[in-house]
Participant: 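This is the structure I want to talk about, given as structure tokens.
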Amino acid sequence: MSEVTARQVGRFYDEVADTTALLLGDAIHLGYWPDGAEHLTFEQAQDGLTRLIGAGLDLGPGDRLLDVGCGTGQPAALLARENGCGVVGITLSERQRATASARAEPGQEYLLADLMEMSFPESSFDAACMIESLLHMPDKLGALREVARLLRPGGRLAIADLFEYEAGSRSPFAMLPPDVGELVRQAGFEGVEVTDVTARTARSTEMFLHRLTERRSSVAEVCPPGLLEMIELAARWLADAMGTQIGYLVLTARRGDPSLG
Ligand SMILES: C[S@@+](CC[C@H](N)C(=O)[O-])C[C@H]1O[C@@H](n2cnc3c(N)ncnc32)[C@H](O)[C@@H]1O
């Protein structure tokens, strides 16, 4: 697959903003259903995943969180509200930035920015999350190194994303590789913990396809021609591949202290 540029990713999210709102709601990520909580709605399960990330970051008042790939800002706003932390969210999509900024509360800032071109000085943040954003980044090691630079030593990282069980899954996305934990270590993190939560998240893909069928005529009104077919193909591929070729992981780590060598 040829590399998708940051500009293309931003344009894609601008174009599908109304479509994702109809199909996914405010958060643009899979849901997480804990054991025995299969009754949760898609949106409740999406918030559950966001809270899992928040727990992995051990957030508290006074912390400054960087949300890398913040989407509409809903996940970061939830984490800020429930943990009392400040937030800077970055996205490549102007529409997402505008949505997030329009409802930002004090202490929350949402910027149109590419992670790979950040002007923040090093050690600017206490914590960083990447919820389904790393899969858009062709240079994953470079991206993780930049997040490490932006975090203070000891600062926490949490990632939720799709990953390949074996490299080269012919996926339409740039999934995380099977050894993503090693990549995170190479980028300067320690205490890396990777949890395969595929069984707790996989039902999202069937629910998404169901919604796509149910809401098709409304979606067709707002989705640019061609994109709906592309989304449907990708969603079908994902529903088939999930649990066999593709899994979903939550990863937590903390930035090592470079001064300790
Ligand atoms: C699938 S959406 C997830 C949005 C949000 N994390 C959520 O869970 O609702 C992917 C997001 O990653 C962002 N993104 C991808 N590559 C990026 C980059 N290099 N710099 C900043 N944001 C990026 C996109 O703009 C988009 O907001």
Side-chain angles (χ1 to χ4, degrees), residues 3-17 19-32 42-54 56-57 65-80 87-101 103 108-120 125 127-147 149-150 157-163 171-176 197 201 204-205 208 227 231 234-235 238 248-251:
E3 277 184 12
V4 177
T5 64
R7 184 187 289 265
Q8 287 169 323
V9 173
R11 198 180 315 130
F12 171 76
Y13 281 107
D14 283 343
E15 286 182 348
V16 298
T19 306
T20 54
L22 273 172
L23 293 173
L24 289 165
D26 263 350
I28 311 173
H29 62 240
L30 303 198
Y32 178 87
F42 198 176
E43 281 78 5
Q44 286 170 331
Q46 286 176 306
D47 286 350
L49 182 80
T50 302
R51 291 192 176 101
L52 195 65
I53 289 298
L57 292 171
L65 167 69
L66 173 66
D67 185 355
V68 179
C70 63
T72 67
Q74 187 269 358
L78 185 149
L79 293 177
V87 164
V88 173
I90 60 166
T91 171
L92 297 171
S93 155
E94 170 52 25
R95 282 198 65 187
Q96 290 183 341
R97 186 212 58 79
T99 302
S101 299
R103 55 191 182 195
Q108 298 171 22
E109 193 183 2
Y110 298 97
L111 309 171
L112 184 67
D114 182 346
L115 171 68
M116 304 313 284
E117 293 174 7
M118 291 281 279
S119 53
F120 283 93
F125 297 93
C129 63
M130 305 178 89
I131 308 180
E132 296 180 27
S133 57
L134 194 53
L135 93 166
H136 287 300
M137 301 179 198
D139 177 9
K140 296 193 186 340
L141 181 58
L144 290 164
R145 282 196 170 126
E146 177 59 8
V147 175
R149 186 188 74 78
L150 292 166
L157 166 70
I159 297 174
D161 221 323
L162 295 156
F163 73 103
S171 137
F173 312 98
M175 304 278 172
L176 274 51
V197 293
T201 54
S204 310
T205 59
F208 183 82
L227 264 186
I231 290 171
L238 196 59
Y248 199 86
L249 61 76
V250 168
L251 180 152

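Order of listing sets the numbers, starting from 1, for every ligand and every atom in it.
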Participant: Check ligand 1 for N or O atoms under 3.5 Å from a protein N or O and list each pair with its distance.
Facilitator:
unit_1   : atom_1 : unit_2 : atom_2 : d
ligand 1 : 6 (N)  : G69    : O      : 2.6
ligand 1 : 6 (N)  : I131   : O      : 2.9
ligand 1 : 8 (O)  : H29    : ND1    : 2.7
ligand 1 : 9 (O)  : I28    : N      : 2.7
ligand 1 : 19 (N) : D114   : OD1    : 2.9
ligand 1 : 20 (N) : L115   : N      : 2.9
ligand 1 : 25 (O) : T91    : OG1    : 2.9
ligand 1 : 25 (O) : L92    : N      : 3.0
ligand 1 : 27 (O) : G71    : N      : 3.2
ligand 1 : 27 (O) : T91    : OG1    : 3.3
ligand 1 : 27 (O) : Q96    : OE1    : 2.6

Participant: To check you understand the geometry: which heavy-atom pair defines the closest contact between A113 and L92, and what is its length?
Facilitator: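 Shortest heavy-atom contact: O-CD2, 3.8 Å.
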Participant: State the CG-OG1 distance between L52 and T201, to the nearest 0.5 angstrom.
Facilitator: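 If we round to the nearest 0.5 Å, L52:CG and T201:OG1 are 10.5 Å apart.
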Participant: Counting only N and O atoms by type, is there a donor-acceptor contact under 3.5 Å from the side chain of T205 to the main-chain atoms of L238?
Facilitator: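 No: the side chain of T205 does not pair with the backbone of L238.
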Participant: To the nearest 0.5 Å, what is the distance between CG on D67 and OG1 on T91?
Facilitator: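 OG1 of T91 is found 9.5 Å from CG of D67.
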Participant: Nearest 0.5 Å, please: how far is CD in Q74 from CZ in R103?
Facilitator: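 Result: 7.0 Å between the selected atoms.
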Participant: Examine H136 together with Y13 and report whether their ring centres are nearer than 6.0 Å.
Facilitator: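 Judged by ring-centre distance (under 6.0 Å), H136 and Y13 do meet the cut-off.
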